[in-house]
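Lettering of chains follows the sequences in order, A, B, ..., and the numbering in each one begins at 1.
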Number of protein chains: 2
Amino acid sequence: MVEPGRRPTIADIAREVGVTKGAVSFALNGRPGVSADTRARILAAAERLGWRPSTVARSLSNLRSGSVGLVVTRPRSLLGVEPFYMRLIAGLERALHADGRSLLLAVTDHPGDAAEIYRAWWSERRVDGLVLTDLRTDDPRLAAVTDLGIPTVALGAPGPLPGLSTVTGDDGPTLRAALDHLAGLGHHRIARVSGPAGFAHAARRHAEFAAAHRTLFGTDPRQAHTRYVADQVLAATRELLDDPEPPTAVVYDSDLMAVTVVGSAAELGVRVPADLAVLAWDDSPLCELVRPRVSAFAHDVDADGATAVSLLIEQLRTGTPGHAELSPRTLTVRGSTAG
Amino acid sequence: MVEPGRRPTIADIAREVGVTKGAVSFALNGRPGVSADTRARILAAAERLGWRPSTVARSLSNLRSGSVGLVVTRPRSLLGVEPFYMRLIAGLERALHADGRSLLLAVTDHPGDAAEIYRAWWSERRVDGLVLTDLRTDDPRLAAVTDLGIPTVALGAPGPLPGLSTVTGDDGPTLRAALDHLAGLGHHRIARVSGPAGFAHAARRHAEFAAAHRTLFGTDPRQAHTRYVADQVLAATRELLDDPEPPTAVVYDSDLMAVTVVGSAAELGVRVPADLAVLAWDDSPLCELVRPRVSAFAHDVDADGATAVSLLIEQLRTGTPGHAELSPRTLTVRGSTAG
DNA sequence: CTGAAAGCGCTTACAG
DNA sequence: CTGAAAGCGCTTACAG
C-alpha cells in the first residue's frame, strides 16, 4: 500500500510483488536476470501504482544528470527581438526531450561569465555536456571546456575543433549565391554589414564575402562590422551610403538588421529596393513584417539543433566527438530585392 | 588525494581533515554541531579541493529537485517572433538562478500536452513547482496541478485561485487609459482586436474594454477575437474596416498584432495614423521596427517573472500560496497614434 | 537465472 | 558539542 500523495518507489513495487528492489530495477529496465513471469508481474505492479523513475535517484547512481547546458551570452534586450535564440532553445529542447533529457539554460549579459557557469554546472554535476553557440575568435570558453573535459558540441563552429563535436557550415556558396542574385538584378556595388568581428562566424563570412566579391568583380567589397543594435546598424548603413559611390545593395548579417534598415529607409533617405536592395542572412516572420518584405537566406534552426544534440549524445555514449554539417541555406526572394 | 578528473566529494574532504562526512556536511551548510576550529579546517579543505555540492545527491536527500517547470504551449512558429516568451524565460531563469534554482522548460504545440508533462515531471521528481501562463477559461491544467498537489504559481491569472499562488492584474485602468488616450485625439469609433477567447486574459480584457467603452461612450464597442497569426489579424482588421462606420482607432492585444497591421497598412488600404490609429498591448523593440512606430502599453516582464518566482519559492517554504500584483502598464506614445 | 548487498554523494535524526 | 549510522531511490557488480 502506498499512502496517497507519496509517490511510489521501486521498494513499493518490490514489496507488492514480493521480490527484491534489484529484480524490480532489472525488470523495469528491460535487462536480463529476471524470469518472464516475474517481469510481467513487476511491470503490472509498476503500472498499477503509477510508478515513474525518480530522475535524481537515477542520476546519482548513473553519475549522469540527464541535462545538457546552454549559456546564451547576448544582451537581454536583444533576446526578445532576435528570433534565433528562442528558435534554438525550442529546437534543442525538442531534440533533448525526445531522448528523455532536458535543457539547462542560463542567460547572461556578460560573455565572460559563461566559462564560470560551465565550471559551476560541471562541478555540481548539473550537466552531462554543453552546447556552445556564437563562438568567438579565440574564445575563452574553449579552453574552459577542454580543461574540465566537458563533452561539448560547438554549433556553427568555423571548422572542426580538437576534442569537441562540431556542426560546421561553409558559408562561401551562400555568399556567392547572394552576390549572384544581386548581380543578376544589375547591382555591381554590393556592400555587406556584418556582426561584430569578435564572432567567429562574422569574421569568417567577412573573409568569404571578400573572396567571392573579388572573384566576381575583381575588387574588394565595402564591409562594415557593427553590433546587433538598431542605431548602430543604421549608422553603419548611413556611412556606407555616404560614399561618393554608394552601394546599391547591402547584405546584412541577420534578419533583424535587414528589417531594421527597411523599416527606417525613409530616415536613411533611400527607397527599397529602388535605391537600395536589402538582403538578409537568416529568415524569420520578421522579414514579412515590413514593406517591402525582406529577401532572406533561411536555414533550419530546428534541424541544426537536432544535429547538435545527436552529436553530443553520441559523444556522451562513445567518448568520441563527431562532426556534421549545418543545414543548407535557401534564398527566399521578396520585395526588398525585387527586379 | 583526489585523482585528476574526478570531482571531489565530502568523503574526500572528510578524509583530508580527519572527520566524518556528517561533520563536513554540517560545516559546509553552516549548521551548528561542529567546533569553530574544525569548521575552519573543513572549509579550507573544501576550498583547496575545489569542492562543489552535487546537485543530484543533495536533491535525493532533500527530496527536492531545485527546479521549477514551465511548459510553453504556443505554436513554435509564433515563439520565434513573439518577444514575450523569450523575455519571460530569461526573466524566470534570472530570478531562479539567483536562488540557486533552475528552470525546466518544455515547448509543445499542443496545449493538451501540458498536463501530461506536469504529471511526468512531478512523478519523476524533476520539479518542485510550476509556473503557469496563458491560463485558459476552464483550464484543464488547474485540475491537474491541484490533483497532484504541485506547488504552482499562475502568472497573469484573472484573480486568486484556490490553492495556487497568483500574480494578478487589473487591466481595467489600462484599458480606460487606452480609450482616454484615443478619445483625447478625437477618436470616437474605437475597436479592439483580441486574442482567442479561450485565453482567460483575452476574455477578461474583452469584458473590461466593453465596460470602459460603455462608460465613456454609452455604447458597446466592436471587438474581434483572433489567433495571433498575421493573416488572421489582418482579416479581423479588414472586417472591422469594412463596416459602414469603420473604426478610426484599434487597440490590439499584442505588439506583434499591431506591428503586423502597421506593416500591412497599404494592403489594408489605410494610412496610419491618418485613417487608422493603432495601439498595442505589450511593448517591445518590434514596435520601433515599422513606420510609423507603434504606440504601446509596456509592462515589466522581468519584474513579473521575478514576482512569480518569489511567490513560488515562498510557497515551497511555507506551504501557503501567496498573491501579488502584476507590474503596472505604462503607455509609450509613438507615431501610430500621433495627433 | 536469481537474490542480497553495496554504492552513488549528500542530509539528518539519533545516540554518546 | 561530536560522531557513527541510516536513509533518499535508484543501479549494478558479485556471490549463490
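The CG atom of B:Leu63 sits 18 Å away from the P atom of C:dG9 (whole-angstrom rounding). Atom CG in B:Asp37 sits about 14 Å away from atom C1' in D:dC1, given to the nearest Å. Rounded to a whole Å, the CD atom of A:Glu124 is 20 Å from the P atom of C:dC8. Summarising the geometry, the separation between NZ on A:Lys21 and C1' on D:dT12 is reported as 12 Å, rounded to the nearest angstrom. Here C:dC8 presents its P atom at 13 Å from CG of B:Leu60, a figure rounded to the nearest Å. The distance between atom CZ of B:Arg31 and atom P of D:dG3, rounded to the nearest whole Å, is 16 Å. Rounded to an integer number of Å, the gap from CD1 of A:Ile13 to C1' of D:dC10 is 11 Å. In this structure, B:Leu28 places its CG atom 13 Å from P of C:dT12, rounding to the nearest Å.
Here the nucleotide nearest the side chain of B:Trp51, chosen from D:dC8, C:dC10, C:dC8, is C:dC10. The side chain of A:Asn62 sits closest to D:dT12 out of D:dT12, C:dG7, C:dG9. The side chain of A:Phe26 approaches D:dT12 more closely than any other nucleotide in the set D:dT12, C:dC10, D:dC8. Among the nucleotides C:dA13, C:dC10, D:dC10, the one closest to the side chain of B:Ser61 is C:dC10. Between D:dA4, D:dC8, C:dC8, one nucleotide has an atom nearer to the side chain of B:Thr20 than all others, and that is D:dA4. The A:Asn29 side chain lies nearest to D:dT11 when the options are C:dT12, D:dT11, D:dT12.
Between the side chain of B:Asp139 and the main chain of B:Arg136, a donor-acceptor pair closer than 3.5 Å is present.
At the heavy-atom level, B:Val24 lies nowhere under 4.0 Å from the strands shown. Residue A:Arg52 is in sugar-phosphate contact alone, with no base atom involved, counting any heavy-atom pair closer than 4.0 Å across all strands shown. Counting any heavy atom pair closer than 4.0 Å across all strands shown, B:Ile10 reaches a base atom. Using a 4.0 Å heavy-atom cutoff across all strands shown, B:Val19 reaches no nucleic acid atom at all.
Heavy-atom distances to DNA chain D give each of A:Arg64 and B:Ala23 a nearest nucleotide, and the one nearer the 5′ end belongs to B:Ala23. Along DNA chain D, the nucleotide closest to A:Ala11 and the one closest to B:Val34 are compared, and the more 5′ of them pairs with B:Val34.
Here B:Glu16 does not pair with B:Arg41 in a salt bridge; the nearest charged N to carboxylate O distance is not below 4.0 Å. Ion pair A:Arg87/A:Asp302 not flagged as a salt bridge, since none of the NZ, NE, NH1 or NH2 atoms sits closer than 4.0 Å to an Asp/Glu carboxylate oxygen.
Put simply, A:Ser25 has a side-chain N or O that comes within less than 4.0 Å of OP1 or OP2 on D:dT11. One finds a side-chain N or O of B:Arg58 lying less than 4.0 angstrom from the OP1 or OP2 phosphate oxygen of C:dT11. Between A:Ser35 and C:dT2 there is a side-chain polar atom (N or O) within less than 4.0 angstrom of OP1 or OP2.
Summarising the local packing, NE2 of A:His97 is surrounded by 12 or fewer heavy atoms from other residues, nucleotides or ligands at distances under 6.0 Å.
In summary, the side chains of B:Ser102 and B:Ser67 do present a donor paired with an acceptor at a separation below 3.5 Å, with no hydrogens or angles considered.
Tested against A:Leu326 for a side chain to side chain contact (heavy atoms under 4.5 Å, CB included), the candidates A:Asp300, A:Leu155, A:Val301, A:Thr166 yield a single pass: A:Leu155.
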Applying side-chain contact (heavy atoms from CB on, under 4.5 Å) to A:Leu28 and A:Trp51, what does each step give before you reach the verdict? CA-CA 10 Å; A:Leu28 292 169; A:Trp51 175 87; 3.5 Å; yes
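With a 3.5 Å limit on both pairing distances and Watson-Crick or G-U wobble geometry required, the stems of 3 or more pairs in DNA chain C span C:1-3 with D:14-16, C:5-12 with D:5-12, C:14-16 with D:1-3.
The line from CZ of A:Arg31 to CZ of A:Arg39 is 10.5 Å long, rounded to the nearest 0.5 Å.
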